[in-house]
Amino acid sequence: MAVRVARLVRTGISRLLPGIRYLLQSLHSKWRRSLQFRTVLTTLMLAVGSFAVVGAYLSNQIANNLFQERLVQAESETRYNVKQVQDTFDGAQVTDQSSVITLVYDTLNAVEGRGSVIQRRYVFEAMPEQTKPRNRWVESRASDQLTISVIPPELRKAVQDSGKEQFWASTQFPVGTEDRPGIAVGNKVTFNGTVYELYLIYDLNTAQKTLDEIQNVLLAGGAVLVLMIGAVAWYVTRNVVSPVSHAAVVSEKLAAGQLQERMVVKGEDEVARLGASFNHMAASLQEQITQLATLSQMQQRFVSDVSHELRTPLTTVRMAAEVLYDAREDFDPINKRSAELLYNQVERFQSLLADLLEISRFDAGVATLDAEPSDIVQLLTQVIEAVGPVAAEYGSEVTLNAPEGSIIVEMDDRRIDRILRNLILNALEHGEGRPVNVSVAANGTAVAVAVRDHGIGMSAAEAARVFDRFWRADPARARTTGGSGLGLSIAAEDTKLHNGWLQAWGSKGHGSNFRLTLPLRQGESITRSPLQLEPADVGLPGSGPQRTMLLLDPSPVPEGWVAVPGTELPAGDGDDGREGQS
């Protein structure tokens, strides 16, 4: 049976704990999120604490006053009754046992004051260790079946050791089936040569009932006042918090683009002035945003229109330039050089025009993603082969560190090809003839491609702006490959379409590293990158063809990876994808 009860208790607790935990979590969440709930609950707690302190003080004072009043009355009545008892005993002329018993009984009954309600009770007891007289006929007597045990021992001792002094003590005595509080007042009386202890017991049950009623009234009144204070606090905080909550909702809608949203303004108080100021600010922001949006649309339309309008004459100019370029050997040196310059600049102009058209599509929000499962390693191989002539022109060696096999990614081949081609060409242009390392790795959710050059590098401030349109780290530096200044901006926009990351790192004199991270499947989010952004070869002594495989995992090269001789594996910082130098 005990085991069954224990099991039932354990089962009940196990079922209650989730509900209690959920309730506590809900209260904690409500406490953190709701200013009104926090204010009302704090007010209720303070009110309950205040009423508890005040109620306890009032109850204690009332109880003390009732007790003191009853004690003074009891001491006064006891003195009077004890004097009457002693006078009766002193004037008694009885010598036989029956007369003595009758006298004592009648005298004590008179002290008891019987009527409809017993006013007081008594305990009459001969003091112990008395040898004279030997023929005393009354040892003890008590009213209402009381015994000497209801008298506190310390009170008896005080009465026995005293002379004619009067002493009192709080006590409890049985009446029927209940114990009642009372005050016992003790004195000594002498009868027929025998010293007796006489205790009069006063019932405090009426005073206790009065005190209980007062405490109940205080409790009920305090509960009602707490509820009223809570209602008042809720109403006041609601009037204050509601406009703030409404302002927060309106702010969220404004941030979401619903610029026509406004606060409802009522009255002329501080909250109304706040709402009016908020509406004025929202109207001003709407006007400015509308103007900026209109200007932006005009600029975008202008760029798009100009780009489209330039395509036809540019095609004609290009055809003419190609004719002149093909016939340049028949010209004199000056015209020959002019034909070559014209041909090269027309090619650059056409590239710039194509980039402007692509940027205008991004700005207009009409760029779409045509994603299909493809092998990114194969795509990288094709891009590296395509830029081979440029690498040979710069004298740089392009090395691919990739796993053996395929890495299938849902991507738009055209856009990813454009991103990788742009990153590798930039690395060759700024690599100063040093090797360029291209690394690719994948984890369970993402694939990353890092393009590392060992050229002039860039500072952290320059790396933060490298994806801005038409931005150059050194405006005086000429572009030798015919770049338009929009390549990295277009690459960043293509990356956003894939819901990926395109990040840059650089260090003056140590080169740069660009990392492209893409989700393996469209619609998924990236939590970490398989490759670290900051290369682990920073600060290595020497120069030249340092080749580094950018891996986070510090374990040896896994089977299936192609490692180039001279490759060093960095001590990774764990597989959590956090950026930083190992």
Side-chain angles (χ1 to χ4, degrees), residues 51-88 104-127 140-189 196-223:
F51 280 120
V53 173
V54 174
Y57 174 76
L58 292 177
S59 178
N60 184 61
Q61 289 296 109
I62 293 172
N64 287 336
N65 291 337
L66 289 175
F67 182 81
Q68 291 297 329
E69 181 182 358
R70 193 71 180 95
L71 176 61
V72 171
Q73 182 182 358
E75 289 183 325
S76 176
E77 292 180 1
T78 300
R79 289 190 183 93
Y80 175 76
N81 285 282
V82 168
K83 184 176 183 302
Q84 282 191 332
V85 169
Q86 189 63 59
D87 291 343
T88 302
V104 171
Y105 180 77
D106 293 340
T107 304
L108 294 177
N109 282 343
V111 169
E112 193 176 34
R114 284 184 176 272
S116 59
V117 177
I118 300 177
Q119 299 178 2
R120 65 190 70 84
R121 291 167 176 81
Y122 66 86
V123 175
F124 188 71
E125 183 78 17
M127 288 186 62
S140 63
R141 195 165 188 86
S143 64
D144 202 13
Q145 299 180 352
L146 297 179
T147 61
I148 193 63
S149 62
V150 301
I151 306 302
E154 59 272 12
L155 177 60
R156 289 201 64 191
K157 188 175 185 308
V159 171
Q160 292 170 3
D161 295 342
S162 67
K164 295 296 183 179
E165 293 87 355
Q166 179 173 274
F167 298 91
W168 67 272
S170 298
T171 185
Q172 285 186 338
F173 60 94
V175 177
T177 58
E178 63 175 344
D179 289 338
R180 294 185 179 181
I183 300 176
V185 184
N187 287 272
K188 284 183 180 179
V189 294
Y196 291 89
E197 303 170 28
L198 177 59
Y199 300 96
L200 299 185
I201 303 174
Y202 295 85
D203 193 349
L204 297 181
N205 190 51
T206 302
Q208 183 63 45
K209 289 182 178 180
T210 302
L211 180 62
D212 292 341
E213 291 178 358
I214 294 174
Q215 289 177 343
N216 292 334
V217 170
L218 289 175
L219 183 61

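If you read the sequence from its start, that first residue is 1, and numbering goes on from there.
With Y202 as reference, E77 is the one residue of Q73, E77, R121 to meet the side-chain contact (heavy atoms from CB on, under 4.5 Å) rule.
Taking the side chain as every heavy atom from C-beta outward, S59 and I214 never approach each other to under 4.5 Å. You'll find the side chain of Y122 stays beyond 4.5 Å of the side chain of N81, heavy atoms only. Contact check for P174 versus L146: side-chain heavy atoms found under the 4.5 Å cut-off. Within the 4.5 Å cutoff, the side chain of D87 has no heavy atoms near those of the Q84 side chain. Taking the side chain as every heavy atom from C-beta outward, L218 and V54 never approach each other to under 4.5 Å.
In summary, the side chains of D212 and Q208 do present a donor paired with an acceptor at a separation below 3.5 Å, with no hydrogens or angles considered.
For the atom pair CG of L66 and OG1 of T206, the computed distance is 11.0 Å after rounding to the nearest 0.5 Å. Atoms CG and CD, on L200 and E112 in that order, are 10.0 Å from each other to the nearest 0.5 Å. How far OH of Y196 is from CD of E125: 9.5 Å, rounded to the nearest 0.5 Å. Distance check: L211 CG to I62 CD1 gives 7.0 Å after rounding to the nearest 0.5 Å. One distance of note links CG of N64 with CG of L71; it measures 11.5 Å at 0.5 Å rounding.
Side-chain N or O atoms of T78 include one that pairs as donor or acceptor with a backbone N or O of A74 at under 3.5 Å. Without hydrogens or angle criteria, S76 side chain to V72 main chain gives no donor-acceptor distance under 3.5 Å. A distance-only check finds no donor-acceptor pair linking the side chain of N60 to the backbone of A56 [under 3.5 Å]. Between the K164 side chain and the K188 main chain, no donor and acceptor come within less than 3.5 Å of each other.
Scanning for salt bridge (Lys or Arg N to Asp or Glu O under 4.0 Å) contacts around R141 gives an empty result, with sequence neighbours left out.
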Atom pairs and distances, donor-acceptor, side-chain atoms in residues 166-173, under 3.5 Å, two or more places apart:
unit_1: Q166; atom_1: OE1; unit_2: N187; atom_2: ND2; d: 3.0
unit_1: Q166; atom_1: NE2; unit_2: E75; atom_2: O; d: 3.4
unit_1: T171; atom_1: OG1; unit_2: V150; atom_2: O; d: 2.7

Check the pair I201, I151 against side chain to side chain contact (heavy atoms under 4.5 Å, CB included), reporting the backbone distance first and the verdict last. CA-CA 9 Å; I201 303 174; I151 306 302; 4.0 Å; yes

Can you check side chain to side chain contact (heavy atoms under 4.5 Å, CB included) on I148 and R156, steps first, answer last? CA-CA 9 Å; I148 193 63; R156 289 201 64 191; 3.4 Å; yes

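Heavy-atom contacts from other residues, nucleotides or ligands closer than 6.0 Å to CD of Q145 number 12 or fewer.
The shortest non-hydrogen separation linking V111 to R120 is O-NH1, 2.6 Å.
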